[in-house]
Amino acid sequence: MRLRHRKPGFRVLIDWVTARAPFDAFSAADWDKLRLLGDRIQRLDPRTGELRWETSAWDSIRSDSHGLSYRCGSDAFWFQGSPARVIGDGDNTFSSGAAAALDLAGCVRRMRDFVLPVLGVSAPPVERCVVSRVDVTANLLLSGPTDVRAALAVLRNCEGGRYRVSQQAGDTVYWGGKSRLMKGKAYAKGPHLEYQLRNKNYRGPEYSPEQLMGANALLRLECTIGAQWWRERAGKHWLEITAEDLKNKWANYFHRMLGTSEITEMNVSTLLQLFVGANSLNL
């Protein structure tokens, strides 16, 4: 996880996966066991007491440094989280293993194999799982926090009306809002990591002063590939989605959002090239 240089550059990784396994992928005994786990959320008619609908709440499985969430619905078992949290020492800032390699099948497999044994049930074949969300994130390593702030200042003023800015835990620029197809965001990773570390419930890995200093030079660009895209536009089974496919989705999304913006005023020439030339990136 060491940052050995200060030259601008970037790394693309899988930062989040939401997946589910249908009930018929489990034995009857295992499904009965899963159905007894977790709290239920109900909507009742206050006049008649009639049950309108019922769903299960998300619960978390945590160890000293790892964590994922799960819930058991009426027809499927769901699990989600950052796959890097169950790989290696649980670092999802610099990442490693399948998450760093953009190996989607490897991420789903590691997440499945972390959650289900803890719950005391057998894991179904990975090909029975269905993916409904993947976040592809790029860590852009700039020369320091000043350039990260400069980049965010430009991003906050590009494509007016297509983003919103949040001041919580540092400025974050959003695109796409609540879109279930594609959406994106940009933020400074250093302040975000410091915010997480201050949380009394934080159980992630420990970072060295060098790593924290390196995180302060990271601009994070995150593209969420949502349920609608996986359902309607993937064009092939999720197991056939390659690392190159995911890289291209990230590159094309941010080129579409930022490629025509007035970023030439930035004093980060390498970052300019990354944004403007995203379609031809050698990621």
Side-chain angles (χ1 to χ4, degrees), residues 8-19 80 82-84 92-93 95 98-104 107-108 131-142 148 151-166 170-189 192 218-238 240-264 266 268 270-283:
F10 66 91
R11 183 181 188 181
V12 186
L13 54 102
I14 295 176
D15 191 46
W16 185 276
V17 174
T18 298
Q80 66 178 17
S82 174
N92 64 345
T93 297
S95 197
L102 292 171
D103 175 6
L104 183 55
C107 288
V108 172
V131 168
S132 59
R133 172 184 164 184
V134 176
D135 289 3
V136 182
T137 296
N139 282 332
L140 276 72
L141 176 61
L142 306 184
V148 173
L152 286 170
V154 171
L155 296 177
R156 284 198 298 270
N157 292 289
C158 76
E159 298 290 343
R162 300 181 69 177
Y163 67 90
R164 63 183 177 87
V165 178
S166 170
D171 289 352
T172 302
V173 184
Y174 294 88
W175 296 269
K178 297 180 180 180
S179 172
R180 295 181 62 80
L181 185 65
M182 301 277 293
K183 58 185 177 181
K185 67 179 180 179
Y187 61 97
K189 184 57 185 179
H192 179 256
L218 293 180
L219 175 66
R220 195 105 154 172
L221 287 177
E222 183 174 291
C223 173
T224 295
I225 308 172
Q228 185 180 351
W229 188 88
W230 291 101
R231 186 173 59 249
E232 301 175 3
R233 305 196 184 185
K236 53 186 174 181
H237 193 276
W238 70 268
E240 300 176 64
I241 298 293
T242 65
E244 197 65 26
D245 291 331
L246 294 176
K247 292 174 185 177
N248 288 335
K249 288 301 293 181
W250 179 89
N252 291 336
Y253 181 84
F254 282 105
H255 182 268
R256 178 175 61 85
M257 298 303 299
L258 307 172
T260 59
S261 302
E262 293 294 329
I263 11 186
T264 53
M266 279 188 62
V268 189
T270 301
L271 183 58
L272 278 175
Q273 295 169 12
L274 291 178
F275 281 149
V276 177
N279 275 340
S280 59
L281 285 177
N282 180 20
L283 297 174

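Below, each value reflects all heavy atoms present in this structure, side chains not excepted, and no hydrogens, waters or symmetry copies.
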- From Y187 atom OH to T137 atom OG1, the distance as rounded to the nearest 0.5 Å: 6.0 Å
- Could you tell me the separation between the OG atom of S179 and the OH atom of Y174, rounded to the nearest 0.5 Å? 15.0 Å
- Who are the side-chain contact (heavy atoms from CB on, under 4.5 Å) partners of K249, not counting sequence neighbours? M182, I225, W229
- Task: Might you confirm whether atom CZ of R180 has over 12 heavy atoms from other residues, nucleotides or ligands at distances under 6.0 Å?
- Result: no
- Query: Is K236 atom NZ crowded by more than 12 heavy atoms from other residues, nucleotides or ligands, each under 6.0 Å away?
  - Reply: yes
- Which heavy atom of N92 sits nearest a heavy atom of R220, and at what distance? O-NH2, 3.1 Å
- Indicate the atoms forming the closest heavy-atom contact of Y253 with G184, along with that distance. OH-N, 3.1 Å
- Query: Just how far is it from atom CG of N139 to atom CG of D15, taken to the nearest 0.5 Å?
  - Reply: 8.5 Å
- Determine the minimum heavy-atom distance between L152 and A186, stating which atoms define it. CD2-O, 3.8 Å
- Note on the structure: Nearest heavy-atom approach of R133 to T224 is NE-CG2, 3.8 Å
- Any side-chain heavy-atom pair of W238 and V134 under 4.5 Å: no
- From E232 atom CD to L181 atom CG, the distance as rounded to the nearest 0.5 Å: 8.0 Å
- Task: To the nearest 0.5 angstrom, please state how far the NZ atom of K183 sits from the CG atom of D135.
- Result: 8.0 Å
- Task: For residues W230 and V131, report the shortest heavy-atom separation together with the two atoms involved.
- Result: CB-O, 3.7 Å
- Enter the distance from L102:CG to L13:CG here, rounded to the nearest 0.5 Å. 7.0 Å
- Of all the heavy-atom pairs spanning A100 and S95, show the shortest one and how long it is. N-OG, 3.5 Å
